[in-house]
Amino acid sequence: MEENYIISKAIEDDIVGIYNLLHREFVKKYSPNSEKEELEKHKKWYKFWIKSPYYLIYVIKDSKGKVVGQIRYEIDGEISIISIYLDKANRGKGLGKTFVERSIEELKAEKEDVELIVAYILEENDISKKMFLNFGFLFSEKKNYNGIEHLIYTKKIR
């Protein structure tokens with residue numbers, strides 16, 4: 001099934017697709033009068049991230065070119081924090097594992113210093129826990145992250 005999808009490093013042309021995937025519904029619900037301003041803020045934010053040596057962002061597109069997922073790595077020396085998001089219509093198909101695997105290969109090629117990937121997962125997110133465990137991540141600890149308790153899973157890649 002993954003042959004109907006592609007993963008690629010995010011470019012500026014992908015920013016609106018990423019915004020629509022991750023932020024648009026939230027902005028429409030909580031800031032309907034400033035949606036245009038919020039889009040412009042997000043464009044600036046993602047342009048910075050795309051150009052930054054401390055982030056790698058990959059997008060997953062369907063056969064029509066629509067952004068249906070994002071995998072982001074926040075890099076700090078030998079450690080990288082992974083964040084993955086798939087739209088609801090594409091969850092439960094095994095795509096997450098496939099695309100995490102592909103993105104890790106890209107990360108290893110681009111960032112030779114990275115040795116450890118860390119995933120912060122909410123305790124109730126059973127699907128993410130299962131996916132990361134099946135991919136060889138190990139549970140490490142519970143930790144407060146951005147004011148919310150998370151389960152920490154890690155994977156050595158070198």
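This structure is a prediction, so every number in the text was calculated from the model and none was measured.
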Calculate, to the nearest 0.5 Å, the distance between atoms [atom1] and [atom2] belonging to [X] and [Y] respectively.
{"X": "Tyr19", "Y": "Lys41", "atom1": "OH", "atom2": "NZ", "result": "10.5 Å"}
{"X": "Ile82", "Y": "Leu56", "atom1": "CD1", "atom2": "CG", "result": "11.0 Å"}
{"X": "Leu122", "Y": "Ser128", "atom1": "CG", "atom2": "OG", "result": "8.5 Å"}
{"X": "Ser80", "Y": "Asp113", "atom1": "OG", "atom2": "CG", "result": "11.5 Å"}
{"X": "Lys64", "Y": "Asn4", "atom1": "NZ", "atom2": "CG", "result": "11.0 Å"}
{"X": "Ile104", "Y": "Glu106", "atom1": "CD1", "atom2": "CD", "result": "11.5 Å"}

Side-chain touch Ile79/Val118, heavy atoms, less than 4.5 angstrom |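 The answer is yes; the side chains approach within 4.5 Å.
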
Measure the shortest side-chain to side-chain distance between Ile60 and Asn90 over non-hydrogen atoms and say whether it is less than 4.5 angstrom.
->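 The answer is no; the side chains never approach within 4.5 Å.
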
Working for side chain to side chain contact (heavy atoms under 4.5 Å, CB included), residues Tyr55 and Arg72 | CA-CA 7 Å; Tyr55 294 92; Arg72 183 183 74 229; 4.3 Å; yes

Smallest separation among heavy atoms of [X] and [Y], with atom names:
{"X": "Gly69", "Y": "Leu86", "value": "CA-CD2, 4.0 Å"}
{"X": "Ile50", "Y": "Ala10", "value": "CG2-O, 3.7 Å"}
{"X": "Gly77", "Y": "Val114", "value": "O-CG2, 3.8 Å"}
{"X": "Val100", "Y": "Ser103", "value": "O-OG, 2.9 Å"}
{"X": "Asp62", "Y": "Tyr5", "value": "CA-CD2, 3.9 Å"}
{"X": "Lys155", "Y": "Phe135", "value": "NZ-O, 3.0 Å"}

Please test Val16 against His42 for side chain to side chain contact (heavy atoms under 4.5 Å, CB included), starting from the C-alpha separation and ending with a verdict.
-> CA-CA 9 Å; Val16 172; His42 281 84; over 6 Å; no

Geometric cation-pi criterion Lys111 and Tyr73, 6.0 Å radius, 45° cone |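 Output no; distance or angle outside limits.
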
Would a single hydrophobic cluster contain both [Y] and [X], if residues Ile, Leu, Val, Met, Phe, Trp and Tyr are joined by side-chain heavy-atom contacts under 4.5 Å?
{"X": "Ile81", "Y": "Tyr153", "value": "no"}
{"X": "Phe132", "Y": "Ile152", "value": "no"}
{"X": "Ile75", "Y": "Ile157", "value": "yes"}
{"X": "Ile71", "Y": "Ile127", "value": "no"}
{"X": "Leu116", "Y": "Ile121", "value": "no"}

What class does the angle between the rings of Tyr46 and Trp49 fall in, given that below 30° is parallel, 30 to 60° is tilted and above 60° is perpendicular?
->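 Perpendicular.
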
Would you call Glu123-Lys142 a salt bridge at under 4.0 Å N-O?
->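 Yes, this pair counts.
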
Electrostatic pair Glu105-Lys108, nearest N-O below 4.0 angstrom =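 Looking at Glu105 and Lys108, the cut-off is met.
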
Evaluate whether atom [atom1] of [X] has more than 12 neighbouring non-hydrogen atoms of other residues, nucleotides or ligands under 6.0 angstrom away.
{"X": "Glu141", "atom1": "CD", "result": "yes"}
{"X": "Asn144", "atom1": "CG", "result": "yes"}
{"X": "Tyr54", "atom1": "OH", "result": "no"}

Excluding sequence neighbours, so at least two apart, what forms ring pair (Phe, Tyr, Trp, His ring centres under 6.0 Å) with [X]?
{"X": "Tyr120", "result": "Tyr145"}
{"X": "Phe48", "result": "none"}
{"X": "Tyr58", "result": "none"}

Residues Glu78, Arg158; criterion side chain to side chain contact (heavy atoms under 4.5 Å, CB included); working and verdict | CA-CA 10 Å; Glu78 298 172 350; Arg158 298 191 203 280; over 6 Å; no

Tell me, please, which residues at least two apart from Lys9 pass salt bridge (charged side-chain N to carboxylate O under 4.0 Å, His left out).
->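 Salt bridge (charged side-chain N to carboxylate O under 4.0 Å, His left out) check on Lys9 returns Glu110.
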
Side-chain donor/acceptor of Asn134 to backbone N/O of Met131, under 3.5 Å =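 Here the side-chain-to-backbone pair does not exist.
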
Does the Asp14 side chain pair with the main chain of Gly17, one donor and one acceptor, at a distance under 3.5 Å?
->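 No: the side chain of Asp14 does not pair with the backbone of Gly17.
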
Side chain to side chain contact (heavy atoms under 4.5 Å, CB included) partners for Glu12, two or more places apart =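 Checked Glu12 against side chain to side chain contact (heavy atoms under 4.5 Å, CB included); matches are Ile15, Lys47, Lys51.
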
Excluding sequence neighbours, so at least two apart, what forms side chain to side chain contact (heavy atoms under 4.5 Å, CB included) with Tyr85?
->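 Testing Tyr85 for side chain to side chain contact (heavy atoms under 4.5 Å, CB included), a comparison that skips the adjacent residues, returns Leu21, Leu22, Arg91.
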
